[in-house]
Amino acid sequence: MSRYRAKKLLFLVIGLVIVLITGCQSNDKGKSLKGSETNSGLLAEEESNSTETDPVLLTPSPTNTFEMETWEENEHVESLAVVISADQDGVLQIEEDKFVSQVGEIYNHPDKYIGKTVKYQGYLYLEEYESKEYFYVVRNTYACECGEEESVVGLEIAWEGDMPEEGTWVEVTGVLDSYVEEEKQYIIVRVSDLDIKDDTGKTFVTE
């Protein structure tokens, strides 16, 4: 385990690029998740017997834990050419059917995106580390094309308003920024608008 902050979030950036280019490969630096998809679409290491619940509130598994890679360690990885379209106001739109590749594009080329406004949807995910709380808006995905390892993908957020309950499906709009903690650099969305959505999108995405 690294001495740096462990994250329950994030699909490994290096893992994303390798998966998209070459398929399933091992990565000794990150811990992968093995589990099944529950009725809500969230990951769980044990089978869930729960039934469908209110679509606004999902139930994240507390077992989704592995270490996050930062882009500093992955600059040697060549990423695919991915386009993130902007609306008429210049807000970058992370699309449901391109969620994995577009989030990976942001992590692999932060200098292109820091300072720009982004909008996307996902469920709220909470990480607690050394008495601090870190929030993310994420979706689930495969960690490799073999379909045997699962992970989550998304971006950390900072929101000064009342934070909804973990697992709530939200749409966030905010400015992409970065910060340094324990000598590591992280990407974060400084959220200016957070909306709870009655209708959820796809919890599990593959592209």
Side-chain angles (χ1 to χ4, degrees), residues 1-19 25-35 42-43 45 60-79 92 94 99-118 120 122-141 143-144 149-167 170 172-192 194:
M1 177 68 69
S2 168
R3 67 188 179 89
Y4 299 112
R5 183 170 99 218
K7 296 254 187 168
K8 284 186 179 178
L9 177 68
L10 184 70
F11 82 152
L12 301 180
V13 173
I14 188 170
L16 169 69
V17 177
I18 290 175
V19 166
Q25 293 186 12
S26 63
N27 184 346
D28 294 336
K29 298 181 78 174
K31 300 176 185 176
S32 60
L33 295 176
K34 294 183 179 178
L42 303 184
L43 304 178
E45 290 190 344
S61 166
T63 60
N64 297 350
T65 187
F66 58 95
E67 190 172 342
M68 173 181 168
E69 295 279 344
T70 63
W71 74 74
E72 292 179 304
E73 299 171 337
N74 300 315
E75 290 178 346
H76 64 285
V77 179
E78 182 178 356
S79 101
L92 299 175
I94 297 180
F99 194 90
V100 177
S101 59
Q102 289 181 337
V103 170
E105 167 71 5
I106 292 171
Y107 275 100
N108 285 316
H109 300 282
D111 292 342
K112 289 171 56 178
Y113 299 102
I114 297 300
K116 294 186 178 181
T117 302
V118 66
Y120 76 105
Y123 68 86
L124 195 65
Y125 197 100
L126 169 65
E127 158 82 276
E128 295 184 75
Y129 176 72
E130 294 188 350
S131 302
K132 293 183 180 180
E133 293 184 335
Y134 302 89
F135 291 92
Y136 310 86
V137 175
V138 302
R139 301 191 189 207
N140 298 336
T141 191
C144 72
E149 298 176 355
E150 298 181 358
S151 183
V152 290
V153 53
L155 296 162
E156 183 177 356
I157 68 166
W159 168 241
E160 295 185 358
D162 294 333
M163 192 67 73
E165 186 175 350
E166 184 181 12
V170 298
V172 291
T173 303
V175 175
L176 287 161
D177 196 4
S178 66
Y179 68 97
V180 175
E181 184 173 279
E182 296 182 342
E183 301 179 4
K184 289 290 182 178
Q185 195 165 15
Y186 297 98
I187 295 176
I188 193 168
V189 180
R190 306 287 180 186
V191 175
S192 57
L194 186 152

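Side chains included, hydrogens not; waters and symmetry mates left out as well; all remaining heavy atoms used.
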Point to revise | Taking every non-hydrogen atom, the tightest pair across Y113 and I106 | key: CD1-CA, 3.8 Å
Check your understanding: From E160 CD over to S192 OG, what is the distance, rounded to the nearest 0.5 angstrom?
Key -> 10.5 Å
Point to revise | Gap between atom OG1 of T117 and atom CG of L176 - 0.5 Å precision | key: 8.0 Å
Exercise for review: Would you give the length of the straight line joining atom CG of D177 to atom CD1 of I114, rounded to the nearest 0.5 angstrom?
Suggested key: 6.0 Å
Practice item. Hey, could you give me the OH/CD distance between Y125 and E166, rounded to the nearest 0.5 Å? Key: 7.0 Å
Review point. With sequence neighbours left out, what residues match E133 under side chain to side chain contact (heavy atoms under 4.5 Å, CB included)?
Key: L126, E128, F135
Exercise for review: For K112, check side chain to side chain contact (heavy atoms under 4.5 Å, CB included) against everything at least two apart and list the hits.
Suggested key: E105, H109
Review point. Does the side chain to side chain contact (heavy atoms under 4.5 Å, CB included) test come out yes or no for Y123 and V152, once each step is laid out?
Key: CA-CA 11 Å; Y123 68 86; V152 290; 3.6 Å; yes
Exercise for review: Carefully, step by step, assess Y107 and L155 under the rule side chain to side chain contact (heavy atoms under 4.5 Å, CB included).
Suggested key: CA-CA 9 Å; Y107 275 100; L155 296 162; 3.3 Å; yes
Study note, to complete from the structure: Here the pair of heavy atoms bringing A158 nearest to I188 is CB-CD1, 3.7 Å
Review point. If every non-hydrogen atom of Y179 is compared with every non-hydrogen atom of R190, which pair is closest and at what distance?
Key: CB-NH2, 4.2 Å
Check your understanding: How far apart are the closest heavy atoms of E181 and Y186, and which atoms are they?
Key -> O-CE1, 3.7 Å
Exercise for review: For the residue pair L124 and V137, establish whether any side-chain heavy-atom pair is separated by less than 4.5 Å.
Suggested key: yes
Review point. Between Y120 (side chain) and G154 (backbone), is there a donor-acceptor pair under 3.5 Å?
Key: no
Review point. Atom CD1 in I157, atom CE in M163: separation rounded to 0.5 Å?
Key: 4.5 Å
